[in-house]
Amino acid sequence: MAERDPFVSFLFLAFLFFFFFLVYDPVLALGGRNHGGGGCGLGAADPRLQTYIVHVEQPEGAAFTDLEERDAWYRSFLPVDAAADGGLREPRWVHSYYEVLSGFAARLTEEEVAVMEKEGFLRAFPDTVVPLATTHTPEFLGLHQGSGLWGTGAGGGRLGEGVIVGMLDSGITPGHPSFGDDDMPLPPSRWKGSCQPPEFCNKKIIGARNFVTDNDPEKASPADEDGHGTHTASTVAGSFVRGASVLGSAKGTASGIAPRAHLAIYKVCGIDRCKSSDILAGMDAAVADGVDVLSLSLGGDSMPFYSDMIAIGAFGANKRGVFVSCAAGNSGPEMETVSNDAPWILTVAASTMDRSIVATVNLGDGSKFEGQSAFQPSGFTHESLPLVFPGSVEEPSAPIYCGQGSLVGFDVKGKVVVCQRGGYVANVAKGAAVLGAGGASMIIVNRELEANTTEATAHVLPASHVSFAAGTKIINYINASSHPTASISFEGTKLGLSSYLPAPAVASFSSRGPSVSSPGILKPDVLGPGDNVLAAWPFPVGPPSKNTGSKGASFNVISGTSMAAPHLSGVAALLKSAHPDWSPAAIKSAIMTTADVRGNDGELIKDENSEPASLFDIGAGHVNASRAADPGLVYDLGTSDYVAYICSLGYTDEQVAAVVGQRGACAAVKSISGGELNYPSISVTLRSMSPKVAVNRTVTNVGEAGETYKVEVEEPAGVAVSVNPQTLKFSEVKEKQSFTVSFTKRGRAHGSLQGNLRWVSAKHAVRSSISITVE
Ligand SMILES: *[C@@H]1O[C@H](CO)[C@@H](O)[C@H](O)[C@H]1NC(C)=O
Ligand SMILES: *[C@@H]1O[C@H](CO)[C@@H](O)[C@H](O)[C@H]1NC(C)=O
Ligand SMILES: *[C@@H]1O[C@H](CO)[C@@H](O)[C@H](O)[C@H]1NC(C)=O
Ligand SMILES: *[C@@H]1O[C@H](CO)[C@@H](O)[C@H](O)[C@H]1NC(C)=O
């Protein structure tokens, strides 16, 4: 069984592989699918050949009349031998890139790359290969039919109409009711994309192409063999589907966040893996086709931007006005794990929401623990059964994770079996192992790092997933009791404040800042729902006997920052539809400066331990889609600002060129630090040599003419913050005003500090998170 637990797999594989940012994959866990198992996709090919992404710089003044001419120029970089495929007898060409970068991907030997020194050659980067990392969410984002962005007021009512969202993922399930096009308008006339094959498309899915190169060419179709791409696409822009549920739980009308937006599908991942050369090809095509928003629920580790193909592709997309939303990664709760962290990307962290699908564990001693399961069997006997933990608390060994076959030799027949989360075994797979060994039901207990984040999984048997604290008590009870027993009672879907946990809370798996490659920018940017998200799914789920969902029309509840990013892509589509003239940076600013910092208990948003979350967990806070429609002021940024920032990172001219596309870019601009970039959050470092730092910001009025804003500051403990001027008066819409924020260390302040800066008018409050590191 392949590993899907990102906590471990990221550590081992991050340098080689990319991941879908999905926490677990129930379908995979059912063991019904073939994982291809074929190494790096190069198969039995000539071992001398490897795929390289080659960046080239168009000679000054050179203009190509068409793509064919440009391709011929690209091919001229190949060694003569390779161009003729001489000797190696294999197709060498993989992809051409025209939009997000100039260059191509080709299969080359190391020697061939070493001699590729023709004028215009910038860099050759070896490809990285990559096995993989809603009924309620719209309301939870503050979207209600008839109000706000879903309403009829200013900026409302369009539900994403006219906007095209490009999905870089594992493909799509055409014909699923979430992709019905009953109420959809025709695609905008500017749309240049295509459908291969044509039967994948309608007015909802307007483009679908496969970019996965290591597939059998016969099978190269945008069909989703994984489920991930179908789930994320329906989260962004699924149509309204009445009576959606998973095995009867979480019932309601399912819809994406932008139900009238169009979807363009770029299949860049097969089951479990994606290659950066294919991801780049998908991004390149999406920009050429005319998408407005790109949604990527995949990625590797944080790395310098010149080595990060998603950062490079996103830079090119941003330059063309395309908004890029990416998953932050599932390597939490450790610090410095956030990926997809370039400032021109919206980096999305994952939170829980105020819905739980309750499965309560009742122990023989009378204690009760609330857990979750999406499978809520109605005919299950609630009587107490013997309770076992197939392992030892002192010596944790393999069986505690209930891996496939690991329970052989343990007497679990007819018992309630306790399994620990993790250990390379997906939650559904644990259930399959317990069921296979004759167990009656299962309790999954969190490890310490997962704390209070539990999953409502579509299990194959009666089960409950409980917190670390509850799990510890359950295990202690087993240890202390001669005849431990337990039962599970299923209490259905509960909305609102749960019995003990406020929402949203940061999900344990959500990757944390600070950013390694770009420490001057606070990352992640924002928190969105990513835990227990219900959306479309290609395959039936749950116990084999209960597979009621017909093939191609089911729903599933899954978790990951993969699920959070498409919520934000949907919000970006709503904003783009409501404000077609806003730049990607303006949309990002609107989302960030209006985000919520408090949960439904009125307190500051908590982390997985129920402790107040840090800015490195939540960035600006939890998206509030209805407020984002009318932010009042925005912090805008353009390509030249990002170039000025890249120029402060100490890269060589060639490395800068790999991101921005041309040499000599830094000679033309004055470089600026991360703190000085006109970002909607502020991150600065105070050192004993420089205990005072000042940064400038410029805001653009997108509210009303004649609004006056006054500044309010929550100072981080130990740092004095002063703002000049303290009042900003706008006489016109689109007017820009600048201000300076000065930070001065006081006393012995040290470490990571946080505060807030707010511009407040009669109608708007525009908040920036302030993150200060005092060294
Ligand atoms: C979002 O903002 C609105 C308007 O300020 C507020 O009423 C609401 O509570 C916020 N949160 C959610 C989840 O809707
Ligand atoms: C989870 O939440 C509860 C209640 O807020 C808290 O008491 C507990 O310590 C938390 N942490 C863990 C590890 O379960
Ligand atoms: C389990 O019980 C034994 C004694 O029966 C005790 O020594 C041990 O510390 C207990 N372990 C835990 C985790 O409670
Ligand atoms: C910030 O603005 C002030 C006042 O306009 C100006 O003097 C200063 O040079 C600016 N600083 C930077 C880094 O641009």
Side-chain angles (χ1 to χ4, degrees), residues 136-144 147-151 153 156 257 333 351-356 369-371 421 445-454 465-475 495-508 527-529 567 571 590-591 593-603 605-613 621-632 641 644-645 648 669-678 684 692-698 722-725 736-742 763-767:
H136 179 54
T137 46
E139 290 108 82
F140 192 59
L141 296 191
L143 294 171
H144 303 274
S147 73
L149 270 176
W150 275 18
I257 299 300
S351 60
T352 62
M353 58 183 125
D354 65 345
R355 174 182 68 201
S356 37
F369 304 98
E370 190 174 299
R421 185 173 184 176
V445 299
N446 271 347
R447 296 171 294 184
E448 192 163 9
L449 82 168
E450 290 117 5
N452 280 312
T453 303
T454 57
H465 183 176
V466 300
S467 70
F468 174 71
T472 305
K473 288 184 185 136
I474 293 169
I475 290 169
L495 294 180
L497 204 55
S498 97
S499 55
Y500 60 106
L501 294 174
V506 182
S508 60
L527 204 54
H567 281 95
V571 172
I591 290 170
T593 62
T594 58
D596 286 324
V597 290
R598 291 182 186 275
N600 59 2
D601 59 350
E603 309 265 309
I605 291 173
K606 306 282 199 313
D607 67 10
E608 68 283 353
N609 278 310
S610 305
E611 308 279 355
H622 192 269
V623 58
N624 185 319
S626 51
R627 265 209 308 265
D630 183 21
D641 302 299
Y645 169 61
S648 77
V669 297
K670 182 175 170 288
S671 80
I672 56 166
S673 71
E676 288 167 294
L677 189 68
N678 198 40
V684 296
K692 184 169 175 177
V693 169
V695 299
N696 291 345
R697 286 287 186 275
T698 300
S722 68
V723 181
N724 184 34
K736 288 180 189 289
Q737 299 249 11
S738 297
F739 59 94
T740 303
V741 192
S742 309
K763 298 192 180 74
H764 299 106
V766 187
R767 189 185 53 81

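This structure is a prediction, so every number in the text was calculated from the model and none was measured. In listed order, ligands and their atoms are each counted from 1.
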*Please report the C-alpha distance between K763 and D630 in whole Å, then the side-chain angles of each, then the deciding distance to 0.1 Å, and finally whether the salt bridge (Lys or Arg N to Asp or Glu O under 4.0 Å) criterion is met.*
CA-CA 9 Å; K763 298 192 180 74; D630 183 21; over 6 Å; no
*For E448, is at least one N or O under 3.5 Å away from an N or O on ligand 2?*
no
*Atoms in ligand 1 with a heavy atom of D596 nearer than 4.0 Å*: 10 (C), 11 (N)
*N446 and ligand 2 - part of the residue with a heavy-atom distance under 4.0 Å*: neither
_Does ligand 4 come near enough to N696 that some N or O of the ligand is less than 3.5 Å from an N or O of the residue?_
yes
*asked:* Looking at every heavy atom in both A595 and G621, which two are closest together, and how far apart are they?
replied: CB-C, 3.7 Å
*atom 14 (O) of ligand 4: protein heavy atom closer than 4.0 Å?*
yes
*What are the two closest non-hydrogen atoms of I605 and D596, and how far apart are they?*
CD1-O, 3.4 Å
*N609 heavy atoms, cut-off 4.0 Å: which ligand 2 atoms fall inside?*
10 (C), 13 (C)
*Which is it for R767 and V597 under the side chain to side chain contact (heavy atoms under 4.5 Å, CB included) test, yes or no, and what are the steps along the way?*
CA-CA 10 Å; R767 189 185 53 81; V597 290; 3.2 Å; yes
*Just distances here: any N/O of S610 and N/O of ligand 2 closer than 3.5 Å?*
yes
*Exercise: do T453 and E450 side chains pair donor with acceptor under 3.5 Å*: no
*Sub-4.0 Å protein heavy atom next to atom 2 (O) of ligand 4*: yes
*Which atoms from ligand 4 have a heavy atom of T740 less than 4.0 Å away?*
2 (O)
_For the student: nearest non-hydrogen atoms of V445 and G471, plus distance_ = CG1-CA, 3.5 Å
*Cut-off 3.5 Å, side chains only: do S738 and N696 have a donor facing an acceptor?*
no
*Is atom 11 (N) of ligand 4 close to the protein, meaning a heavy atom under 4.0 Å from it?*
yes
*For the residue pair S626 and N624, confirm or rule out a side-chain donor-acceptor distance under 3.5 Å.*
yes
*Contact atoms of ligand 1, heavy-atom distance to R627 under 4.0 Å*: 1 (C), 2 (O), 3 (C), 4 (C), 5 (O)
